[in-house]
Colleague: 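Have a look at the structure that comes next, please.
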There are 2 protein chains.
Amino acid sequence: MPLKIGDLAKATGTQVVTIRYYEKEGLLRQPERTGSGYRLYSEDDVERLHFIRRCRQHGMNLAEIRDLLAFRDSPAPSCAWISELVEKHIANVQAQIDSLLTLKAHLEALRGTCSGDHGRGCGIIDSLGHGSSCPCCEGLHCRLERRQGER
Amino acid sequence: MPLKIGDLAKATGTQVVTIRYYEKEGLLRQPERTGSGYRLYSEDDVERLHFIRRCRQHGMNLAEIRDLLAFRDSPAPSCAWISELVEKHIANVQAQIDSLLTLKAHLEALRGTCSGDHGRGCGIIDSLGHGSSCPCCEGLHCRLERRQGER
DNA sequence: GCTACTCCCTATAGCGGCTATAGGGTCAAG
DNA sequence: CTTGACCCTATAGCCGCTATAGGGAGTAGC
């Protein structure tokens, strides 16, 4: 009992359009069709699409997934590149985490400069002197202060 | 001594095309032009572009930056929304960090399943039983193992 | 049979934030 | 007077979808 595209979509938590997109991109093979042109999928396709979705959740792009699928379809003697791929992703993810932690610190410094107390104009302006504690945010506050002063 | 677009690019570490893009998107105002149509910028434009780039580094999108620029140009009585914006971004960034930490743990579990030792086929396959320690990665390894066994 | 409804099809355009390409004009130095 | 670095506009492409338009297929109830 083959699945129609909507069934495959439900089974994998994927949007119908996304399935067609993966097919166009060569991640899913051309499925059989009914006489009226409806796509028909098997359990293998469910597995394959699950695999793809898991890879996507791991931050892999479609080209990488294509390579992994090719290996899955017919394993080559060497899979060293798979380890390298995973290694590369770990480094990549770590770099993103580091960058986001820095960003968060900056944003928290920014937040600290606006108390939300609007007794005299904007809290950001009130609470921030020219020498901001967060150099990367100076532009905003100094300008705000200057402008506010002009009114 | 006004700056040409290349000078502005260098002064702010921005690509020339990106500057023109920001202009088209209404983040930078239409600059003066020379007789031959070259854009001419002032120090104010340098500041403005620096501001934009800093916001981008803070993960803000162009629409948000447009709003901040509008405020910068003519501050409104209330700036509560600015705090809210920053707050929203902090939450957003934290969510991204959390998600990436989970992802990293998964990838490290994946890595652990391939020793790089290819004594008998793929290390991933050798080292991984059916009951993977990382449920989200099972698909890959079980399939790999099964396929390998078929050869 | 007819209608209503849900599903399916293809083709194309849009999103954000750039980046690249094509095809040309400007300007200063040698 | 040519070379080379810069500038211009307009348009298309990147990724991974998502949305829209305009239609056909299949099923249930009347």
Side-chain angles (χ1 to χ4, degrees), chain A residues 1-28 30-41 45 48-69 88-89 92 96 99 103, chain B residues 1-28 30-41 45 48-69 85 88-89 92-93 96 99 103:
Chain A
M1 36 161 201
L3 307 158
K4 279 190 286 178
I5 197 168
D7 304 322
L8 178 60
K10 260 176 219 135
T12 58
T14 313
Q15 295 239 44
V16 166
V17 277
T18 303
I19 294 175
R20 288 197 278 250
Y21 174 71
Y22 287 163
E23 182 186 322
K24 205 181 59 163
E25 292 298 307
L27 300 185
L28 295 173
Q30 306 274 358
E32 287 185 71
R33 300 277 189 143
T34 66
S36 56
Y38 286 21
R39 288 169 177 81
L40 293 180
Y41 296 98
D45 293 311
R48 191 180 185 86
L49 184 48
H50 261 137
F51 179 90
I52 294 169
R53 298 304 285 172
R54 256 180 250 116
C55 289
R56 288 291 299 130
Q57 283 165 17
H58 282 146
M60 299 183 189
N61 63 33
L62 299 196
E64 289 164 339
I65 297 174
R66 232 185 320 257
D67 290 346
L68 289 172
L69 284 169
K88 204 187 76 188
H89 270 281
N92 194 340
Q96 283 181 62
S99 157
L103 171 52
Chain B
M1 34 156 203
L3 306 159
K4 279 188 286 177
I5 197 169
D7 304 323
L8 178 60
K10 260 176 221 137
T12 59
T14 313
Q15 297 238 43
V16 166
V17 278
T18 303
I19 294 174
R20 287 198 278 248
Y21 173 70
Y22 288 162
E23 181 185 323
K24 203 181 59 163
E25 291 300 306
L27 299 185
L28 294 173
Q30 308 272 0
E32 288 186 69
R33 302 273 188 146
T34 66
S36 55
Y38 286 21
R39 289 168 176 82
L40 292 180
Y41 296 99
D45 293 311
R48 191 178 185 88
L49 184 48
H50 262 136
F51 179 89
I52 293 170
R53 298 304 285 173
R54 256 179 251 116
C55 289
R56 288 291 299 132
Q57 284 163 16
H58 282 148
M60 297 180 189
N61 63 34
L62 298 195
E64 289 165 338
I65 296 173
R66 235 186 316 259
D67 290 346
L68 288 172
L69 284 168
L85 179 62
K88 205 187 75 188
H89 270 280
N92 195 339
V93 166
Q96 284 182 61
S99 159
L103 172 51

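In what follows, chains carry the letters A, B, and so on, assigned in the order in which the sequence lines appear, proteins first and then strands, with residues in each chain numbered from 1.
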Colleague: Rounded to whole Å, please give me the gap between CD1 in B/I52 and P in C/dC18.
Modeller: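 In whole Å, C/dC18 P lies 10 Å from B/I52 CD1.
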Colleague: Quickly work out the A/R20 CZ to C/dC8 C1' distance and round it to whole Å.
Modeller: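 Rounding to the nearest Å, CZ of A/R20 and C1' of C/dC8 are 7 Å apart.
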Colleague: More 5' along DNA chain C: B/M60 or B/K4, using each one's nearest nucleotide?
Modeller: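 Closest to the 5' end, via its nearest nucleotide, is B/M60.
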Colleague: Between B/R33 and D/dT9, does any side-chain N or O lie under 4.0 Å from OP1 or OP2?
Modeller: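 For D/dT9, OP1 or OP2 has a side-chain N or O of B/R33 closer than 4.0 Å.
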Colleague: Whole Å only: how far is the OH atom of A/Y41 from the C1' atom of C/dC7?
Modeller: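 The answer, rounded to whole Å, is 14 Å.
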Colleague: Please pick, from C/dG25, C/dC27, D/dC8, the nucleotide with the shortest atom-to-atom distance to any side-chain atom of B/R39.
Modeller: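 Shortest atom-to-atom distance from the side chain points to D/dC8.
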Colleague: Tell me whether the side-chain N or O atoms of A/Y38 pair up with the base of D/dG24 as donor and acceptor below 3.5 Å, since no angle test is needed here.
Modeller: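 Donor-acceptor pair under 3.5 Å: yes.
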Colleague: So, do A/E64 and A/C55 sit near enough that their side-chain heavy atoms are less than 4.5 Å apart?
Modeller: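 A/E64 does not reach A/C55 side chain to side chain.
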Colleague: Quick one, B/Y22 with B/R56, criterion side-chain contact (heavy atoms from CB on, under 4.5 Å). Give me CA distance, side-chain angles, the key distance, then yes/no.
Modeller: CA-CA 12 Å; B/Y22 288 162; B/R56 288 291 299 132; 3.9 Å; yes
Colleague: Roughly how many Å is it from CD in B/E23 to P in D/dC8, rounded to a whole number?
Modeller: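 Whole-Å distance recorded here is 9 Å.
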Colleague: Output the single nucleotide from D/dC8, D/dC17, C/dG17 whose closest atom is nearest the side chain of A/R56.
Modeller: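 Selected nucleotide: D/dC17.
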Colleague: Locate the shortest heavy-atom distance separating B/Y41 from B/I19; write the atom from each residue and the value.
Modeller: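 Closest heavy-atom pair between B/Y41 and B/I19: OH-CG2, 3.6 Å.
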Colleague: Taking side-chain contact (heavy atoms from CB on, under 4.5 Å) as the test, write out the residues that go with B/Y38, two or more places apart.
Modeller: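 If we apply the side-chain contact (heavy atoms from CB on, under 4.5 Å) test to B/Y38, skipping adjacent residues, the hits are B/K4, B/T34, B/S36.
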Colleague: Quick one, B/T14 and B/L49 - any side-chain contact, counting heavy atoms below 4.5 Å?
Modeller: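 Result yes, sub-4.5 Å side-chain heavy-atom pair found.
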Colleague: Test B/D67 against B/L85 for side-chain contact (heavy atoms from CB on, under 4.5 Å), laying out the working first.
Modeller: CA-CA 10 Å; B/D67 290 346; B/L85 179 62; over 6 Å; no
Colleague: Can you tell me if the side-chain N/O atoms of B/Y22 get under 4.0 Å from OP1 or OP2 in C/dG17?
Modeller: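 Looking at the OP1 and OP2 atoms of C/dG17, neither is under 4.0 Å from any side-chain N or O of B/Y22.
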Colleague: Would you mind telling me which residue lines up with the more 5' stretch of DNA chain C, B/N61 or A/L40, judged by nearest nucleotide?
Modeller: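 Of the two residues, A/L40 wins.
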Colleague: A/S36 has a side chain; which of D/dA25, D/dC17, D/dC8 sits nearest to it?
Modeller: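 Between D/dA25, D/dC17, D/dC8, the one nearest the side chain of A/S36 would be D/dA25.
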Colleague: Give, ordered by number, those residues of residues 12-19 of chain A having at least one heavy-atom distance below 4.0 Å to an atom of DNA chain D; if nothing qualifies, reply none.
Modeller: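 When residues 12-19 of chain A is checked for heavy atoms under 4.0 Å from DNA chain D, the hits, listed by number, are A/Q15, A/T18.
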Colleague: Is there a side-chain contact (heavy atoms from CB on, under 4.5 Å) between A/V16 and A/R39 once you walk through the steps?
Modeller: CA-CA 11 Å; A/V16 166; A/R39 288 169 177 81; over 6 Å; no
Colleague: Whole angstrom is fine here: how far is it from CG in A/L3 over to P in C/dC7?
Modeller: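 Going from A/L3 (CG) to C/dC7 (P), I get 15 Å.
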Colleague: Just the rounded figure in Å: distance from P of D/dG13 to OH of B/Y21.
Modeller: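 It works out to 17 Å between those atoms.
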Colleague: To the nearest Å, give me how far apart CD1 (A/I5) and C1' (D/dG24) are.
Modeller: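 That distance rounds to 16 Å.
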Colleague: Nearest whole Å is fine: how far is D/dC14 P from A/L62 CG?
Modeller: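 One finds 13 Å between P of D/dC14 and CG of A/L62, rounded.
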